Amino acid sequence: AIDLFANYFYFKTFEKTDAGTATPLLSLAPLFTFLLSWVLLGEVSASITYLLAVGIVGALIVFSVDFKNFGPFNAATLTPALLSSLLFGISAIPISYLLVNLEATNAQTLFMLRAFVIATLALPFFGWGWQTLTVRQIGFMSFRATFVIAQYVLLYLAITLGSTGVAVTLGNIT
């Protein structure tokens with residue numbers, strides 16, 4: 001459910017503004033993850049790790065801001081972008097808990113379960129929408145989905161290997 005709403009606000013952000021304006025705000029998730037993994041999971045990283053993560057997020061923001069188009073940025077963009085980042089940051093905590101603390105599943109199974117639950121929860125609210133898509137759009141979305149699946153499975157594997165905050169930080173370098 002957390003990821004459903006995180007994705008909803010993620011796509012709402014792109015409906016309201018271009019990628020050059022939205023990306024800096026959407027890359028804040030690791031900062032929330034570090035804080036929450038410390039509070040909820042007891043994960044403590046070296047100070048240099050926190051500083052490097054903040055530096056990486058800062059660099060993402062600096063290099064992705066399109067200052068020419070930053071004017072359209074407003075509350076309609078700010079709210080969904082911050083909510084998306086916060087929710088993606090929160091989402092890493094139960095993922096880490098399931099994969100590392102409980103050893104309840106593996107990265108691949110967790111991703112498939114996550115995708116199934118998001119789709120099941122989203123369908124009643126948003127419908128299929130397939131009738132308005134062209135064959136080319138469906139092909140492009142399928143191509144992109146391959147990379148999204150790989151991205152999340154690799155993120156989940158990285159979470160099992162070390163710090164949740166570090167994994168999310170590195171996963172946000174896109």
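Residue numbers count from 1 along this sequence. Note that these values count all heavy atoms, side chains included, but never hydrogens, waters or copies made by symmetry. Computed from a prediction, not measured in an experiment: that's the story for all the values here.
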**Message:** Out of the candidates Tyr10, Phe32, Tyr8, Phe5, only one should pair with Leu87 under the side-chain contact (heavy atoms from CB on, under 4.5 Å) rule; please name it.
**Reply:** Phe5

**Prompt:** If we only count heavy atoms from C-beta on, is the Ile138 to Thr134 side-chain gap below 4.5 Å?
**Reply:** no

**Asked** For the residue pair Leu99 and Ala107, what are the closest heavy atoms and their distance?
**Response** CD2-N, 3.8 Å

**Fill in**
Nearest heavy-atom contact between Ala122 and Leu4 is CB-CD1, 3.6 Å

**Asked** Hey, is the main chain of Ala29 close enough, under 3.5 Å, to the side chain of Thr33 for a donor-acceptor pair?
**Response** yes

**Request:** Could you tell me which non-hydrogen atom of Gln137 sits nearest to which non-hydrogen atom of Leu133, and how far apart they are?
**Result:** OE1-CA, 3.3 Å

Can I get a per-line list of side-chain donor-acceptor pairs under 3.5 Å for residues 46-56, giving both atom names and the distance, sequence neighbours left out?
unit_1 : atom_1 : unit_2 : atom_2 : d
Tyr50  : OH     : Ser45  : N      : 3.2

**Request:** Please indicate whether Phe11 has more than 12 foreign heavy atoms, meaning atoms of other residues, nucleotides or ligands, lying under 6.0 Å from its CZ.
**Result:** yes

**Prompt:** Counting only N and O atoms by type, is there a donor-acceptor contact under 3.5 Å from the side chain of Ser84 to the main-chain atoms of Pro80?
**Reply:** no

**Asked** Would you find a donor on one side and an acceptor on the other, under 3.5 Å apart, between the side chain of Ser37 and the backbone of Phe34?
**Response** yes

**Message:** For residues 92-120, which residue pairs pass the ring pair (Phe, Tyr, Trp, His ring centres under 6.0 Å) check, not counting sequence neighbours?
**Reply:** none

Using residues 153-168 as the side-chain source, report each donor-acceptor pair under 3.5 Å to any protein atom, sequence neighbours left out, with the distance given to one decimal.
unit_1 : atom_1 : unit_2 : atom_2 : d
Tyr156 : OH     : Arg114 : NE     : 3.2
Thr160 : OG1    : Leu157 : O      : 2.5
Ser163 : OG     : Gly165 : N      : 3.3
Ser163 : OG     : Val166 : N      : 3.3
Thr164 : OG1    : Glu43  : OE1    : 3.3
Thr164 : OG1    : Glu43  : OE2    : 2.8
Thr164 : OG1    : Ser96  : OG     : 2.9

